[in-house]
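Beneath this line is the structure, given in structure tokens, with notes to follow.
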Amino acid sequence: MKEKIHSCKVRIILSVAMGLLFSLGVFAQQITVKGHVKDASGIPIIGANVVIKGSTIGSVTDLDGNFQLQAPQDATISISFVGYKPTEVKAAPVLMVVLQEDAVMLEGTVVIGYGSVKKEDVTGSVLAIDADKLTKGMATSASDLLVGKAAGVSVVTDGGAPGASAAIRIRGGSSMSASNDPLIVIDGVPVDNQGISGMSNPLATVHPSDIATFTILKDASATAIYGSRASNGVIIITTKTGKTGRVKVDYNGSFSVSTKYNEVSVMDSETFRNFVTTKFGAGSNQAKALGNTSTNWQDQIFRTAYSTDHNVSISGAIPNMPYRASVAYTNENGILKTSNLERVTGSLSANPNFFDKKLNINLNVKGVYNTNRFANQGAIGMATQFDPTQPVYMDNNNYGNGYFIYMKTDGKPVDIALTNPVAMLEQRNDESTVYRSIGNAQIDYRMHFLPDLRANLNLGYDVSKSEGDVIISDNSPMTYTSGNFKQGFGENTYYYQLKRNTLLDFYLNYAKEIGINNIDVMAGYSWQHFYNSTKNRYPYSAAFAQSKGEEFYKEGDEYESENYLISFFGRLNYTLLNRYLVTFTLRNDGSSRFNPDGRWGLFPSVALAWKMNEEAFLKDVDALSDLKLRLGYGITGQQNLGSSDYPYMARYMYSKAGANYYFGDTKYSLIAPLAYDENLKWEETTTWNAGLDYGFLNGRITGALDFYFRETKDLLNTVSVAAGTNFSNQLLTNVGTLENKGVEFSINAHPVVTKDWDWTIGYNISYNKNTITKMTLNDDPNYVGAIHGGIDGGTGFNALIHAVGKPFNSFYVYEQVYTPEGVPVEGAYVDQNGDGKTDEKDLITYKKAAPDVFMGFSSQLSYKNWDFAFALRASLGNYAYNNIQSQREAWGGSQMYDQTGFLKNRVTTAEYTNFNNARYLSNYYIQNASFLRMDNISIGYTFNKVFTKDQKARVYATVQNPFVITKYDGLDPEFNNNGIDNNIYPRPRVYMIGLSLNF
């Protein structure tokens, strides 16, 4: 036994000794590798990755392109950098490595409409964004991804409701009365962005995880190829497709918790009681109207909401056909009770090719099944003024279905009272179901006999069908306090809509490089048809239908319409010596929306570019990787002149209820002609643009600087006309001019690249000024402008104006007089014309709703497997009319107490202003709404190997809307309502955890 133990010990000692000797031998074979990495022109490459093949040992090149590491003598060193072909070399004490440019990467293409160009050959103001590289928060639609990401592009969501719509503005608005929305093109199909019944955001059709790139065309030299629809810019969305190689499966999922983090500052029950008794006395009717409970109505209507989102995709290729399929499920609950979005989206793409890739086919189909429960957002405003001393529920009452309701002394409901906010949510069921599909088949054939000539045919469609019901419970509080009848039955509505948008595009493209010349010519034809069918029905509930003996309480209505757009277009791209570039485009549009005598419009553009860095005097500047000067000019149009497809035609409208004619015992509804202008035409926008693209240090710093001037002519405006010349004294016609001028700057940098650290930052800033320069056919000194912008509480009051010499959507108010202490003096305004009295002649244009400056900043930092990112956004120079304050500060008369016996809560500032009567048009309520908002902040960790080396996983946590810094007194300084803040759905703060898997 002892001999066996001794023998075992000897073997162990020998094994350890041999291992040590082997380790010493290996160590002895290690060498120090010193290397230098440069490109073909001899410029050092900074931040190139240098790795010992088969290991995680590596380094990165420094500012001089040098590196150093320890490696085994027989090791293989792998060197790679973005934009260059990776290379491998054998380890040696001294290495000189030259990386060759990767033509495929460096000549990546940018989609510009009916084709694409190399990134380096873009002549217009075009911005391409890789969706996967965006700092994301909780994104429900494509518009959510663009918030704050591009200079000159403003994206303002319509509050925090699930699937809320968004107002997208590119370089400000180009119209006062028509649409200011950009044209949206998804995979070659210009989609319907004018609204779908039952679907708040039409862009929610495509799941954000399926989006590959955004291309934003900003100036007319880039957008004119789309002619009469491009005055407000173009956003081209391309979705992801399959790639050759192994089958790849991706999963992205998240779970989020949304909370209310701010509320309107109104009086609580105790403060309100003291305020009422102080103003009117303990024995007053006002004091007697107080309840004996304590209710925070804003707490009652809001909740903590839980949401989830999942997306699974599979991609790969079978011989000659890459493919990708995805399906996603979203269930988003809003913080306002009863609000919910449930959505299933799917996409399928196949890209077969034939005849040695001369025939390429792109097939894309996207679909969405969307159900919504829309909360009654009127409850938000109601919660800020409902009496906090009253309870939510009421027992032993035959009216109101158990909810508190104000009652008269005769035991009947008060029909002019405020409605219980909780009942407004829980007793109203507004649900919709939407089916929508967008798809196309694009066939591209490169001629066998002439490979430089291509023919491209694109057949596309955008079809949606939606239906919904708005059902108000019988006997609920709102059936007695709102609506047309106030008789206790729910004024229910059923709606149905079918929209079809079909497309045919065909173009020929010839591209040829001839010596120092490069010519790319394209000419084509486009046909698009839009169809819309809408039906509305107004049924009683089953119980009331039986008691009334009628199915409907109001006659239904139907609407059916269509319009066509036919176009011829062409483009010429010419490059000389790879330095001097010219792009010329021309589009001729014919729209059925205009009079046959004037429905064709011609939209030309030209752009020039000079690659200065390719000149001999800059070739030797090692630090300079890009310097291109751009100049552009073009004319674009605007054909979305209103909701009608026939705005130039004579139309008739049924008279109001009660205005009937009796012929015997038969009642006939009267119809009356509407004013119209048969010569209506599209607004036209002319744009001049000068830009500079730059890049330094092998592209580690890139960006652009742009200056632009836009002038829109033939603006739609409602003007006064002489009596008897039309069917009204007001006429919508083409008259007026609007100017936009501005500057944009963006910079993207990769300041830190080491073995463990990687940091990318992006910053953009834009300034825009718009001015109305003409509004009437003839100069009229008595015409102050187009007054609009109705406000809550003040019937007939308007707070906005379009006026010559001022920005559109300026505020139109009185100039408030203040005490030496800065307190507003009630009813005291500056007498602007010195006539000794204050009237409408003393109203002034004051501030504006649109900001002067937009800024966006994003940062993405990674350390080994950890990553940290955030996105900030700022808006400067925008003002808001605080309608919540103006309506809920005054306490006298019926402002706070109604003679039928109910009270209305006041905002906490009521004690400060002490207004007896509401002062709706005081500029005291025009408040600075500039802000700095952090959109999201996230941290994540990536597992590079789950089960195999090809399987990765990333877990992350994100906070969306963590803070906003502003001087604005309202709930949120950012809203989409032309600067009037009266009833917005508050943006929640969202806490989200997520998981991404790649197999």
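Model, not experiment: these values are computed from the prediction.
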Pair [X] + [Y]: basic N to acidic O under 4.0 Å:
{"X": "K611", "Y": "D121", "value": "yes"}
{"X": "D972", "Y": "R933", "value": "yes"}
{"X": "R599", "Y": "D589", "value": "no"}
{"X": "R630", "Y": "D706", "value": "yes"}

- Stacked cation flag R171 on Y708, 6.0 angstrom / 45 deg: yes
Spatial distance of atom [atom1] ([X]) from atom [atom2] ([Y]) [nearest 0.5 Å]:
{"X": "L504", "Y": "H529", "atom1": "CG", "atom2": "NE2", "value": "14.0 Å"}
{"X": "N689", "Y": "T687", "atom1": "CG", "atom2": "OG1", "value": "8.0 Å"}
{"X": "F530", "Y": "L503", "atom1": "CZ", "atom2": "CG", "value": "8.5 Å"}
{"X": "D520", "Y": "N509", "atom1": "CG", "atom2": "CG", "value": "4.5 Å"}
{"X": "S165", "Y": "I196", "atom1": "OG", "atom2": "CD1", "value": "12.0 Å"}
{"X": "K628", "Y": "W610", "atom1": "NZ", "atom2": "CH2", "value": "14.0 Å"}

Quick one: does [X]'s side chain have a donor or acceptor within less than 3.5 Å of a partner on [Y]'s backbone?
{"X": "D981", "Y": "N883", "result": "no"}
{"X": "Q638", "Y": "S179", "result": "yes"}
{"X": "T712", "Y": "S174", "result": "yes"}

Heavy-atom distance under 4.5 Å between the side chains of [X] and [Y], does that happen here?
{"X": "V122", "Y": "D693", "result": "no"}
{"X": "F745", "Y": "I747", "result": "yes"}
{"X": "F603", "Y": "I225", "result": "no"}
{"X": "R229", "Y": "Q528", "result": "yes"}
{"X": "K769", "Y": "N740", "result": "no"}

- Query: Picking from F568, F569, F506, what satisfies ring-ring contact (aromatic ring centres under 6.0 Å, His included) with Y525?
  - Reply: F568
Answer with yes or no whether the side chains of [Y] and [X] bring together a donor and an acceptor at under 3.5 Å.
{"X": "N180", "Y": "S175", "answer": "no"}
{"X": "N595", "Y": "N679", "answer": "no"}
{"X": "S231", "Y": "T636", "answer": "yes"}
{"X": "N734", "Y": "D714", "answer": "no"}

- Task: Measure up the F975 and Y968 rings against each other and bin them: parallel (under 30°), tilted (30 to 60°), perpendicular (over 60°).
- Result: tilted
- Item | Worked check of side chain to side chain contact (heavy atoms under 4.5 Å, CB included) between T702 and D626 | CA-CA 8 Å; T702 60; D626 183 24; over 6 Å; no
- Query: Hey, do the aromatic rings of Y226 and Y114 have their centres closer than 6.0 Å?
  - Reply: yes
- Task: Applying side chain to side chain contact (heavy atoms under 4.5 Å, CB included) between Y814 and each of N923, L843, V830, report the one that passes.
- Result: L843
- Qualifying residue for salt bridge (Lys or Arg N to Asp or Glu O under 4.0 Å) with R579, from E614, E615, E120: E615
